[in-house]
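Order of the sequence lines fixes the chain letters, A, B, ..., with proteins taken first and strands second; residue numbering starts at 1 for each chain.
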Amino acid sequence: MEYLTAAQQQWTAFTARFPLETKEPVWTPENVPAVSVLFVFNRAANGTTSMEVDSLAAQALLLFAGYPHIVKDCHEHDQSPSGQLPYLLTTKGKALAGREIIDEVMDQIPGFGSHLKSTEKADSFAISSLAESKLHFGLLYDLWYSPQNSLKVAFPQYSHDRPWPLKEVLPRIRRWEQMDWMLKHHVTIDKEEILDDVKVALSAYAVQLDQKQYLFGSKPTLADATLFAYLHILLSTFNTAAGSHSHARDIIMRHDNLVQYARRIWGSWFTERIE
Amino acid sequence: MASTQPPFELFAWGPAWGLDSFDPFCMSVQRGQCYLSLSCASWVCTKSSNPKISPSGELPLLRDGTIPVAGRANIIRHLKRKGFDLDANLTPLQLAQSASFINLIETKLYDSLLHTLFMDAKNYSEDTVRVYSKQLDFVRRFYVPEVLKKRVVGRLAGYRMMLDHNQELVNEVYLNAKDVFQALDDKLGDQLFFFGDKPTTLDAVAYAHLSLHALPLLTNPKLHAILTFSFPNLIAYITRMQAALTLYPPPSPSPTPPSLHIVSILSDPSGAFSAIAADVSRLWSALTSESAPASYGDPELDAREKRKREARVETFWKWMSVLGAVGFFVGYVVANGIVEFRSGDDDDHDDDDEDYHGHHSQDSKGHAVVDGDSFVYVDEDGNVFTEGESEEE
């Protein structure tokens, strides 16, 4: 018994050298925000637009609809209920992602898109799908499939907040996920086929836009938010990194009305950073 | 001499559910559903269950002479270059809208079809696997459906369960399908076809996909229910297209394979085996195939057809089990020697003479002669002779 007591005393003296300190939590979520918060993938330094296309499309949609919100940066896709950014934390405490964000905007802002006739709404919905499939494939091909582009353009976007070795591993995991997504949708990754689809999509958009201010008149719609996101990402992402080249960007540059359209929306809606 | 061979040969998946193919991309190009018939091209259809014949790894595949063209979009583009252009009368804006709607159908609507066929457990086990089993050979039917299902699971991984407007939990893929049906309904309106009075490429693609969505023969026809109850205009459009396509020329009959010959079995046993397997497969398909085309909006007729088909299958298996039992019985009896089959005359030999070594025979006088190691002959007088002396007598 004396031996046990001595051992306990020695153990207590040893553990007393490492006192437990309880620190304050790093971040405590608000119960319900006063203004809806849109969490988007990291924006560039002093920039206003997210570096990811889905996040930028959501930013554009909320701005076009006049939905009251603030934007915060986030680099964890798993924070979102769908597993992909962006997600919207509403004033009712709901976390919405994907099409739920669109449904929320349409419910809260009934006037958004109301100037369209039923056939124009159908055309708007259909033309959005061109960007979501064909332009998306072209973007993934240029950004992730090409080894040079992925090293010089994509990897820095996904590693600049990360310590070593995460900054080496996480971008490569992301690349594998994007390639896997491409192979799930196409049996083979054929460059000519992908670029032909991009040409078809951009030609359709150029014809639909023509010389109008937006795709369906003088007011922006959901289709404009989607198209602007892809045009801006393709035009701006490959503009800075030396040695990178985007085939989809070259095709966009052939349509002057699309380039002017992207610049016009950027200048009208995204000149000031919204916090 | 001018060749009578049609210029185009289309390789596509085979028929199912009363339709010419169960793959909407094959149907978009094929007859009864579309582009080749609507454009009045001369063509022949060859059923194929091997996508590897295509350079892209997917069917349909069009062969124009020696030129292979793979993929729905490439095939239609090739046909347009050859002068079979359904969109010749469309304006550039209408062409852009057509491309948008075709893309919408082939992405969001196709995802909902894949979910219905592969992710719905009842539909997959009772309908999808059965359809693929009829198309594929004996070995591939056991693993190809699972490989395809795995690919579909990966493709549809991004869809979630969410609440609809009635606060009911549904899969996002069906909410998207409803939105697409609504868009198609709005675009079609009161017109005969999407762009006026003449069918275009969009009509070919839309009909191919919608006719599969409107199938009432699935165990769990969710898309059929959505279309029937919420979009009767689209059901009417499908019926209208089905009737209209019967006015267009059918494909030329596909070349029949050569009959099996004993020389071919000896020279190419594996090819002969494949031909036999194909014949059995065709017999099975004839027994279990739907005889009438899919009829939309008449569930009683479809249920009667389904019951007839199930009765034919049941009768087939009944007779096969009887034949199998009889064959087993006969084989067991013969193998175990219970019944023997002999050929030729059976002579009654005297077993008492088996003291001699060798074989017994009779000479001209009727006395026994032994062809063996030793020979003894006894004549009528009782004289005994050894070998060789009988011949002198």
Side-chain angles (χ1 to χ4, degrees), chain A residues 54 80-84 94 96-103 106-107 116-137 177 180-190 192-193 196-197 199-210 215 222-223, chain B residues 51-52 54-59 70-71 73-74 77 91-111 114 148 150-165 172-173 175-176 179-189 191 194 202:
Chain A
D54 292 332
S80 166
S82 66
Q84 290 293 326
K94 286 186 187 175
L96 308 174
R99 66 171 284 149
E100 290 171 333
I101 298 178
I102 300 171
D103 292 341
M106 294 301 180
D107 287 342
L116 298 176
K117 299 176 209 169
S118 59
T119 50
E120 286 177 328
K121 277 184 189 169
D123 291 337
S124 168
F125 181 59
I127 209 166
S128 295
S129 71
L130 276 180
E132 288 164 2
S133 57
K134 295 190 191 297
L135 290 187
H136 191 71
F137 230 89
E177 287 171 353
D180 188 58
W181 185 92
M182 292 170 74
L183 286 168
K184 289 281 191 307
H185 286 76
H186 279 54
V187 176
T188 54
I189 298 179
D190 182 4
E192 294 303 321
E193 186 183 333
D196 282 343
D197 286 344
K199 283 178 198 166
V200 165
L202 289 172
S203 297
Y205 274 116
V207 168
Q208 177 64 45
L209 179 65
D210 198 21
L215 287 169
L222 172 61
Chain B
K52 289 183 182 175
S54 167
S56 67
E58 285 181 311
L59 292 174
N74 291 332
R77 201 176 300 132
T91 63
L93 182 61
Q94 286 176 326
L95 284 171
Q97 290 168 353
S98 173
S100 309
F101 275 95
I102 287 173
N103 183 71
L104 184 68
I105 291 168
E106 292 182 344
T107 50
K108 292 189 176 174
L109 213 54
Y110 183 53
D111 283 351
L114 288 177
L148 292 173
K150 195 177 170 185
R151 194 187 294 170
V152 167
V153 166
R155 180 181 170 127
L156 302 182
Y159 290 106
R160 309 179 282 146
M161 299 297 289
M162 50 179 66
L163 295 173
D164 64 0
H165 292 293
E172 187 183 350
V173 77
L175 295 177
N176 288 348
D179 291 341
V180 177
F181 289 149
Q182 185 65 56
L184 290 172
D185 195 21
D186 291 339
K187 186 68 180 171
L188 182 66
Q191 301 174 105
F194 282 101
L202 174 56

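Here B:D179 contributes atom CG and A:S129 contributes atom OG; the two are 12.0 Å apart, rounded to the nearest 0.5 Å. If you take NZ on A:K121 and NZ on B:K187, they are separated by 15.0 Å, rounding to the nearest 0.5 Å. For the atom pair CZ of B:F101 and CD1 of A:I127, the computed distance is 9.5 Å after rounding to the nearest 0.5 Å.
In this structure, the portions of B:N176 lying under 4.5 Å from any heavy atom of chain A include both its backbone and its side chain. For a residue to count as touching a neighbouring chain, one of its non-hydrogen atoms must lie under 4.5 Å from one of that chain's; by this rule A:A201 does not touch chain B. For B:I102, no part lies under 4.5 angstrom from a heavy atom of chain A.
At a cut-off of 3.5 Å, with distance as the only test, no side-chain donor of A:T119 or B:D186 sits close to an acceptor on the other residue.
Highest contact tally toward chain B, considering only A:A126, A:A204, A:S118, A:S133, is held by A:A126 [criterion: heavy-atom pairs under 4.5 Å]. Between chain A and the options B:S100, B:A99, B:S98, heavy-atom pairs under 4.5 Å are most frequent for B:S100.
Counting heavy atoms from C-beta outward, B:M162 and A:R99 have side chains that approach closer than 4.5 Å. A:E132 has its side chain out of reach of B:T107: every pair of non-hydrogen atoms, C-beta onward, lies at least 4.5 Å apart.
Under the salt bridge (Lys or Arg N to Asp or Glu O under 4.0 Å) criterion, B:R160 pairs with A:E100, sequence neighbours left out.
For a heavy-atom cut-off of 4.5 Å, chain A lies close to B:G154, B:R155 in residues 152-159 of chain B.
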